[in-house]
Amino acid sequence: MSHTPTPPTTAVAALPAPTPSEGVPHTLKHLVFEGTHRVIVKGVALRFFLRADGVWAPATDTDFQRAYELALFDPDALRKDVLCPNARRVEHTTVEGWFWSNGCNSAGLCTFDDRSPEECAGMAQVARGTATH
């Protein structure tokens with residue numbers, strides 16, 4: 001059994017909220033990707049995973065974002081160099097994390113509070129398609 005090395009962790013300083021005069025109160029105006037597996041944002045540890053060969057593998061935030069963006073488009077159409085929305089794509093959030101899938105062969109999981117995928121029982125149900133709404 002091979003071991004996938006865990007990418008490094010980076011702490012991200014919270015960006016100050018813009019002032020109301022900037023027209024976007026209480027939202028972030030810029031996102032920063034660190035190229036790491038574990039990112040601390042406002043004291044919460046986020047960990048990123050991609051599903052490969054039926055197993056959750058650690059991923060960097062940049063790899064996670066790229067895979068997520070690809071999942072927005074229909075995978076069959078992409079193979080033909082055609083961009084069209086992916087009607088099979090799903091997303092689901094629980095208190096444990098955020099799950100997305102392209103509805104075919106790609107899925108990602110961002111866990112909250114430094115959890116591993118195995119510590120996310122609700123997300124496991126979502127990934128198997130058995131969660132209730």
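Values in this document were obtained by computation on a predicted structure and should not be read as measured data. Along the sequence shown, residues are numbered consecutively beginning with 1.
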Are the ring centres of W98 and F64 closer than 6.0 Å?
yes
Treating Ile, Leu, Val, Met, Phe, Trp and Tyr as nodes and any side-chain heavy-atom pair under 4.5 angstrom as an edge, say whether V39 and V44 lie in one connected cluster.
yes
Run D114 and R38 through side-chain contact (heavy atoms from CB on, under 4.5 Å) and show every step you take.
CA-CA 8 Å; D114 217 9; R38 184 175 179 266; 2.8 Å; yes
Judged by atom type as modelled, is there a donor-acceptor pair below 3.5 Å linking the side chain of E69 to the main-chain atoms of R66?
no
From L46 atom CG to D61 atom CG, the distance as rounded to the nearest 0.5 Å
9.5 Å
Spacing of F49 atom CZ and C120 atom SG [to the nearest 0.5 Å]
8.0 Å
Residue list, side chain to side chain contact (heavy atoms under 4.5 Å, CB included) with R88, at least two apart or on another chain
D74, P75, D76, N86
Shortest non-hydrogen separation from T60 to G35 and the atoms involved
CG2-O, 3.5 Å
Straight-line distance of D53 CG to W56 CH2, nearest 0.5 Å:
13.0 Å
Can T62 and Q65 be counted as having a side-chain donor-acceptor contact under 3.5 angstrom?
no
Determine, step by step, whether F48 and D63 satisfy the side-chain contact (heavy atoms from CB on, under 4.5 Å) criterion, reporting the C-alpha distance in whole Å, the side-chain angles of both residues, the deciding distance to 0.1 Å, and the verdict.
CA-CA 9 Å; F48 301 93; D63 289 340; over 6 Å; no
From OG (S101) to NE2 (H92), nearest 0.5 Å
13.0 Å
Would you confirm whether N102, through its side chain, and R89, through its main-chain N or O, come within 3.5 Å as a donor-acceptor pair?
no
Please tell me whether L83 and L70 are part of a single hydrophobic cluster in this structure, the criterion being side-chain heavy atoms less than 4.5 Å apart.
yes
In this structure, OG1 of T94 is separated from CZ of F112 (nearest 0.5 Å) by 7.0 Å
side-chain contact (heavy atoms from CB on, under 4.5 Å) between W100 and S106, intermediate numbers included:
CA-CA 9 Å; W100 60 261; S106 179; 3.6 Å; yes
Look at the side chain of H37 and the backbone N and O of P58, then say whether any donor-acceptor pair between them is shorter than 3.5 Å.
no
CA sep, side-chain torsions, deciding dist, call: E96, T111, side-chain contact (heavy atoms from CB on, under 4.5 Å)
CA-CA 6 Å; E96 301 166 333; T111 65; over 6 Å; no
